[in-house]
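Structure first, then comments.
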Amino acid sequence: MWAKLGLTMQDQLLLTVRKIPRGKVATYGHVAAAAGHPGRARQVAWALRAGAGTGVPWHRVVGSGGLIKLRGESAMEQRFRLEMEGVRFHGKRIDMKTHECKFGRARRRKARSR
DNA sequence: TCCGTGACGCGAT
DNA sequence: CATCGCGCCACGG
């Protein structure tokens with residue numbers, strides 16, 4: 001259906017990321033699943049890079065377990081931004097128990113056409 | 001078209 | 001907790 005709307009998977013993923021409310025975070029895997037692409041966590045990361053600078057709340061996407069998967073300064077910026085929104089860290093990981101964003105039931109894709 | 005490269009995830013070691 | 005291997009996939013060379 002998204003595809004029918006002329007949206008690429010990248011747009012679908014980015015759109016899902018935009019839904020993450022302030023003070024909440026979602027994992028790459030969950031974003032992919034919520035967008036209807038279970039198992040495409042990698043593409044989420046790719047989409048995020050591609051959509052950088054387009055106003056996407058990229059900092060709200062973290063790795064499973066609430067771990068920041070960026071490196072170097074980007075990682076610090078992400079952590080800083082999250083803390084700014086009130087996200088609490090337990091050492092190196094985020095308290096997913098209270099900050100993980102729950103998406104509505106992901107719509108299923110009929111098939112991974114190719 | 002084949003191949004290496006990742007902001008990934010998960011189970012096994 | 002740190003690594004490795006494997007599955008997954010869009011992209012660029």
Side-chain angles (χ1 to χ4, degrees):
Chain A
M1 115 33 145
W2 294 106
K4 288 175 74 169
L5 296 179
L7 295 175
T8 64
M9 172 163 77
Q10 201 180 104
D11 293 323
Q12 297 168 44
L13 296 171
L14 253 26
L15 233 32
T16 301
V17 173
R18 285 172 188 283
K19 296 180 186 172
I20 306 174
R22 233 162 123 282
K24 291 282 188 179
V25 298
T27 66
Y28 296 89
H30 284 172
V31 169
H37 294 282
R40 276 47 172 196
R42 255 175 151 146
Q43 277 51 242
V44 175
W46 212 263
L48 248 31
R49 293 208 90 203
T54 59
V56 182
W58 58 272
H59 54 286
R60 302 194 190 135
V61 184
V62 298
S64 65
L67 274 176
I68 287 183
K69 302 297 264 187
L70 287 179
R71 315 217 205 151
E73 311 214 5
S74 315
M76 296 201 271
E77 187 188 331
Q78 175 168 26
R79 175 164 181 157
F80 183 69
R81 288 191 177 224
L82 288 174
E83 292 182 318
M84 280 306 277
E85 299 185 349
V87 176
R88 302 267 299 281
F89 280 73
H90 284 291
K92 193 145 171 27
R93 30 177 55 193
I94 294 172
D95 184 348
M96 298 306 272
K97 201 69 167 172
T98 61
H99 298 298
E100 180 161 53
C101 167
K102 279 90 176 177
F103 292 103
R105 266 274 193 267
R107 231 181 305 261
R108 248 178 315 164
R109 310 244 85 218
K110 48 193 301 189
R112 282 157 275 145
S113 54
R114 215 283 186 188

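Please read these numbers as outputs of a predicted model, since none were measured by experiment.
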CA sep, side-chain torsions, deciding dist, call: A/Gln12, A/His37, side-chain hydrogen bond (donor to acceptor under 3.5 Å, both in side chains):
CA-CA 9 Å; A/Gln12 297 168 44; A/His37 294 282; 2.7 Å; yes
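- No more than 12 heavy atoms of other residues, nucleotides or ligands sit less than 6.0 Å from atom NZ of A/Lys97.
- Distance check: A/Leu14 CG to A/Leu48 CG gives 6.5 Å after rounding to the nearest 0.5 Å.
- The side chain of A/Ala41 sits closest to B/dC8 out of B/dC8, B/dA7, C/dC11.
- Using a 4.0 Å heavy-atom cutoff across all strands shown, A/Gln10 reaches sugar-phosphate atoms only and no base atom.
- What separates CD of A/Glu100 from P of B/dG9 is a distance of 11 Å, to the nearest Å.
- Rounded to the nearest 0.5 Å, atoms CD (A/Glu73) and CE (A/Met76) are 5.0 Å apart.
- Other residues, nucleotides and ligands place more than 12 heavy atoms under 6.0 Å from the CZ atom of A/Phe89.
- Residue A/Ser64 places at least one side-chain N or O under 4.0 Å from the OP1 or OP2 atom of B/dC10.
- If you take CZ on A/Arg93 and CD1 on A/Ile68, they are separated by 12.5 Å, rounding to the nearest 0.5 Å.
- Atom-to-atom distance recorded for A/Arg22:CZ and A/Leu82:CG is 11.0 Å, nearest 0.5 angstrom.
- By the 4.0 Å N-to-carboxylate-O rule, A/Arg81 lies too far from A/Glu85 to be salt-bridged with it.
- Between the CG atom of A/Leu14 and the P atom of C/dA10 there is a distance of 15 Å, given to the nearest Å.
- No donor-acceptor contact under 3.5 Å links the side chain of A/Arg40 to the base of C/dC8.
- Between the C1' atom of C/dG7 and the OH atom of A/Tyr28 lies a distance of 19 Å, rounded to the nearest Å.
- Residues from residues 49-60 of chain A with heavy atoms under 4.0 angstrom of DNA chain C: there are none.
- Within 3.5 Å, no donor on the side chain of A/Arg71 pairs with an acceptor on the base of B/dG6, nor the reverse.
- Remark: C1' of C/dC8 and NE2 of A/His37 are 13 Å apart, rounded to the nearest angstrom.
- For the pair A/Ile68 CD1 and B/dA7 C1', the computed distance is 11 Å after rounding to whole Å.
- In terms of position along DNA chain C, the nucleotide closest to A/Gly39 lies nearer the 5' end than the nucleotide closest to the other residue of the pair A/Gly39 and A/Trp46.
- To the nearest 0.5 Å, atom NE2 of residue A/His99 and atom CZ of residue A/Arg88 are 6.5 Å apart.
- Computed from coordinates, the A/Arg42 CZ to C/dG7 C1' distance equals 9 Å when rounded to whole Å.
- Rounded to an integer number of Å, the gap from A/Gln43 CD to C/dA10 C1' is 6 Å.
- Residue A/Leu48 contributes atom CG, which lies 12 Å from atom P of B/dA7 at whole-angstrom precision.
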What are the atom names and distances for every N/O pair under 3.5 Å that joins the protein to nucleotides 1-6 of chain C?
none

